[in-house]
Each structure stands twice: as C-alpha cells, then as structure tokens.
Chemist: 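Okay, here's the structure, questions in a sec.
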Amino acid sequence: MEKREGEGEGEEEQVVNPWTVSAKGGRKIDYDKLIDQFGCQRIDQSLVDRIHRLTSRTPHVFLRRGVFFAHRDLNEILDAHERGEKFYLYTGRGPSSEALHLGHLIPFMFTKYLQEAFKVPLVIQLTDDEKCMWKDLTVEESQRLARENAKDIIACGFDVTRTFIFSDFDYVGGAFYKNMVKVGKCVTYNKAVGIFGFTGEDHIGKISFPPVQAVPSFPSSFPHLFGGQDNLRCLIPCAIDQDPYFRMTRDVAPRIGYQKPALIESSFFPAMQGETGKMSASDPNSAIYVTDSAKEIKNKINRYAFSGGQDSIEKHRELGANLEVDIPFKYLSFFLDDDDKLEEIRKEYGAGRMLTGEVKQLLIQVLTELVERHCRARAAVTDEMVDAFMAVRPLPNMFN
C-alpha cells in the first residue's frame, strides 16, 4: 500500500528528503526502514531477471548489485513495454556547483543504460530555479552552472536524437506552466509541510517549487515532443531522497487526468569518510570530483577513504576486513564492472588474505580511468552541442 503524503514523516531516527539526509547518532541510513516509511517496493532478483529478458542486455552493474534498489510501479512500465506501449524517461540535476562528484554521475550513468536498453526518449530537468532559491546563488550564476553541468551530463554519452535537456529558467511556461498550476491547486499548504517539512521561516519561493519538479512526469508538459500522447507513461530514475516530490506527484496525477509516474530509486553513494548519508559539497575531501587529477584521486583514497581493515597486518590476516564499513570496497562495488573480480576481492579481502593497500590501489586505478575518460568526453562537448540538446525541437529518433 502506497503511503499518502506526510505519512511516516514524523519519524526522526533518520531524515531523508531532497535537502537533508541524516541518521541519528551518525548511523547509516536504514534502507529497509526507508522503504517501509516511504511505501515503495524493493527490487528483487525476479525484476532484474525480467529486465534482462525484455532488453536482451546484461543488467547494469547498478541494478545487478542493488544500487538501484527500490521502485514504484516498475512492473507496470515493463507490462506496458511488453504490450508494445511506449514510455519516456525523466531525470534531473540541481546545478549548485561547478563540478560534479561521482555520486552525481550515478543517476545519469544508469539513465543512459535505460535509454539504450529500452530505446526511449529522455527529458533532463536542470532545476536552476530551485538552486537559486535554496542556495546563495544569483539567477545568473544558477543559469551559468546549469549550462556547465549540462556539459558533464552530455559527456555521459546521451543520444541527442532521443534527449531533451532543459533549464527551468529557460523552459517553464506554456503547457508546462499550466500543469504546474493544476498540480499546485491540488496540494494544500498543510500537505506540503507534511511532505517537505517547510517551516514558517521558509520563503514562499520554496513552497511554490514542488510543482516545477512534478510536471515533467506528464507528457503534455512537452508538446513539442509528445503532442497528443497524454497517456504516455513516465519512468523516473533518481536517488531515493527525491521520493517525496514524486509521492506528491503520484497522488495528484489521477486527479488531473494523467498516469502516475513510475520510479526506480537508488541508495546514496557514501562519503569517503564513511557511510553516514550523502557527501558534503562543503568538504572536498568527502568525495571524488570529475575534475580531480590522478594525483588528487590517489591522495584522497589513500588518506581519506575509510578502511574496514584491521589496525595491524597480523590482526588483519586473522580477522579480515569488515566489508560492511570499508569504503574502498564499496566504491569498487559501484564502479568495478567485473563481477568475478569483485567477488574475488570480497572473499580475499574479507578473509584477510588481501590488504587494504591492495584494494585502495585497485580503486585508484578504476576511478582514475573513469574520471580521465569523463574529462576527455567533457572536453569534447562544445557550446553548440549544449544548444543542440537544449533546443526545443522534435526528437527524430525518439522510439527507434
């Protein structure tokens, strides 16, 4: 049973919403509790196997290893796909910084896989308006960061013939704005407080924002793409902290004549210092950034990546590493493609036959290659390419 707005929001053992991710006493986020609190469903192996069968592609590493672990109505999207019905993808980015860290890339890497596997169109929202209202940013700086972040997104390899990237400052209006008004009329102030935790100290810009993130879920918000296809389903890959927006959206959608969007949701990429929530942009050593040099990556991993290894070689050989808290191993579980190699590390490191230094060395190699590959791709992204992705135009290759 899906939770209604505000249900479970009063639980303070952990706070997970679009702006705050924390657990009492610095503990890890309890994802089982979060699934129960939010009312979504866990992705099980049968669902992964079904995606494999329908796409004839090996499931993405993030799906195989439970990084994307929860969903809403994913089975309905797959049912529709089996009937030959189309759907589209929607994801986004709040452009609050010049450089993205690896955690920011995760939804885009996964969305690219979904786009290629299902051969579907994609809309990517850059919420420059949101970051202007939540951060100490001017309108102009928010717009500049949106274009800079768009270059990193494009560098992930999206197909321009199937992808529309838009910034809210540039695109909101017309049919999009009409849907915002329809959503806004359906959500009372008390419901918004229950869902998002707004207080009397929040300015009205914040309170008015949720419909902006809601309405890309509705195809009529993009008449140049989906004109006359108002029943088209939408699948949203995102981190689970975005779930409150879409619980609200799913409650409103049938009341204004639209399909509920489906979601596929990820856990958080842990900080270098330990798995206590999301990384902090205020601490550059808590994350690996796509602008980091090979030397910076090596230094950060060696100095700051929290180890589950023992404090002496003798003790480590005896007891092995605690993989539940070991950040180098966790990072490899995100970015080392080779399942057999990861399983070998799990066994050898967990048994103490492999040392922390060896695991960190492998992680340095994997992440350096990933970041350098991304940097090369981003360097090739021109302003003209950004303009092409952000142009309001039909997508010639949408469903092919």
Side-chain angles (χ1 to χ4, degrees), residues 1-51 59 62-79 90-91 103 106-107 110 187-188 190-199 210 213-214 217 233-255 259-271 274-279 323-325 330 333-334:
M1 184 74 180
E2 186 169 326
K3 295 288 180 73
R4 302 280 292 185
E5 295 92 333
E7 288 188 17
E9 300 290 339
E11 299 176 23
E12 292 300 328
E13 289 84 3
Q14 55 186 20
V15 176
V16 174
N17 63 42
W19 311 287
T20 304
V21 174
S22 64
K24 193 178 284 186
R27 294 193 296 267
K28 294 197 303 183
I29 296 297
D30 184 331
Y31 290 106
D32 288 328
K33 185 177 288 185
L34 205 56
I35 283 175
D36 182 59
Q37 181 181 337
F38 284 180
C40 44
Q41 293 80 45
R42 185 170 280 281
I43 294 173
D44 59 18
Q45 188 58 46
S46 66
L47 202 47
V48 176
D49 292 342
R50 188 180 183 197
I51 291 170
F62 295 160
L63 202 52
R64 300 198 306 270
R65 296 179 189 161
V67 174
F68 278 79
F69 73 103
H71 75 98
R72 293 182 185 275
D73 289 350
L74 181 57
N75 271 315
E76 291 192 17
I77 289 283
L78 299 180
D79 290 345
Y90 156 40
T91 194
I106 286 169
F110 187 66
V187 182
T188 66
N190 283 342
K191 281 187 178 180
V193 169
I195 299 166
F196 299 105
F198 295 130
T199 71
Q213 188 158 323
S217 309
R233 295 293 300 260
C234 176
L235 174 62
I236 304 170
C238 62
I240 198 165
D241 61 334
Q242 300 300 302
D243 190 87
Y245 280 120
F246 301 113
R247 291 205 303 281
M248 179 196 77
T249 308
R250 285 168 56 81
D251 183 69
V252 169
R255 296 158 62 189
Q259 301 263 21
K260 291 183 178 184
L263 282 84
I264 183 165
E265 300 177 312
S266 73
S267 57
F268 303 117
F269 190 62
E275 195 174 13
T276 57
K278 292 201 297 186
M279 287 164 285
L323 302 183
E324 286 297 308
V325 300
K330 286 186 180 295
S333 72
F334 278 78

Chemist: Quick one: closest heavy-atom pair of Ile29 and Val16, and the distance?
Modeler: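 Where Ile29 meets Val16 most closely, the heavy atoms are CD1-CG2, 4.1 Å.
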Chemist: Could you tell me if the side chain of Phe246 sits less than 4.5 Å from the side chain of Cys234, heavy atoms only?
Modeler: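 Cys234 does not reach Phe246 side chain to side chain.
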Chemist: Are the side chains of Pro261 and Arg250 in touch, meaning some heavy atoms are under 4.5 Å apart?
Modeler: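 They are in side-chain contact.
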Chemist: Just how far is it from atom CD of Glu265 to atom CD1 of Ile43, taken to the nearest 0.5 Å?
Modeler: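 The CD1 atom of Ile43 is 8.5 Å from CD of Glu265, to the nearest 0.5 Å.
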Chemist: What do the steps show when you test Gln213 against Gln242 for side-chain contact (heavy atoms from CB on, under 4.5 Å), and what is the final call?
Modeler: CA-CA 10 Å; Gln213 188 158 323; Gln242 300 300 302; 2.8 Å; yes
Chemist: Please enumerate all residues that pass side-chain contact (heavy atoms from CB on, under 4.5 Å) together with Asn190, with sequence neighbours excluded.
Modeler: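 Per chain and number, Asn190 pairs via side-chain contact (heavy atoms from CB on, under 4.5 Å) with Thr188.
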Chemist: Is it the case that the side chains of Glu76 and Gln259 hold a donor-acceptor pair, with the cut-off being a distance below 3.5 Å and no angle test?
Modeler: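 There is no such pair (donor and acceptor under 3.5 Å, judged by atom type) between the side chains of Gln259 and Glu76.
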Chemist: Walk me through it: do Ser22 and Gln14 pass the test side-chain contact (heavy atoms from CB on, under 4.5 Å)?
Modeler: CA-CA 6 Å; Ser22 64; Gln14 55 186 20; over 6 Å; no
Chemist: Would you name the heavy atoms of Met248 and Phe196 that are closest together and state the gap between them?
Modeler: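 That would be SD-CE1, 4.0 Å.
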Chemist: Considering non-hydrogen atoms only, spot the tightest contact between Ile195 and Pro244 and give its length.
Modeler: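 Heavy atoms only, the tightest pair is CG2-O, 3.6 Å.
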Chemist: Taking atom CG of Asn17 and atom CD1 of Ile240, what is their separation to the nearest 0.5 Å?
Modeler: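 If I round to the nearest 0.5 Å, the distance is 12.5 Å.
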Chemist: Run the ring pair (Phe, Tyr, Trp, His ring centres under 6.0 Å) test against Phe110 and tell me which residues pass, sequence neighbours left out.
Modeler: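 Result, ring pair (Phe, Tyr, Trp, His ring centres under 6.0 Å) vs Phe110: His60, Phe68, Tyr113.
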Chemist: Going by heavy atoms in the side chains, are Gln41 and Asn75 under 4.5 Å from each other?
Modeler: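 Heavy-atom side-chain distance check fails, nothing below 4.5 Å.
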Chemist: Is there a donor-acceptor pair closer than 3.5 Å between any side-chain N or O of Ser217 and the backbone N or O of Ala214?
Modeler: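 Yes; at least one donor-acceptor contact below 3.5 Å.
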Chemist: In the structure I gave you, are the side-chain heavy atoms of Asp251 and Lys191 within less than 4.5 Å of one another anywhere?
Modeler: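 Contact flag for Asp251/Lys191 side chains = yes.
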Chemist: Look only at the side chain of Arg64 and the backbone of Pro59, and say whether a donor-acceptor pair between them is shorter than 3.5 Å.
Modeler: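 Confirmed, Arg64 side chain pairs with Pro59 backbone.
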Chemist: Inspect the contact between Arg50 and Asp79 and indicate whether a charged nitrogen and a carboxylate oxygen are less than 4.0 angstrom apart.
Modeler: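 Salt bridge between Asp79 and Arg50, a charged N being under 4.0 Å from a carboxylate O: yes.
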Chemist: Would Ile77 and Ile264 satisfy side-chain contact (heavy atoms from CB on, under 4.5 Å), going step by step from the backbone distance to the final call?
Modeler: CA-CA 11 Å; Ile77 289 283; Ile264 183 165; over 6 Å; no
Chemist: Parallel, tilted or perpendicular: which fits the ring planes of Phe334 and Phe269, with parallel below 30° and perpendicular above 60°?
Modeler: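 Perpendicular, since the angle between the ring planes exceeds 60°.
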Chemist: Find out whether Arg72 and Ile236 are in side-chain contact, i.e. whether some heavy atom of one side chain is under 4.5 Å from a heavy atom of the other.
Modeler: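 They are not in contact (no side-chain heavy atoms under 4.5 Å apart), so the answer is no.
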Chemist: Once the angle between the rings of Tyr31 and Phe268 is folded into 0 to 90°, is it parallel (under 30°), tilted (30 to 60°) or perpendicular (over 60°)?
Modeler: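 If you compare the ring of Tyr31 with that of Phe268, the planes turn out tilted.
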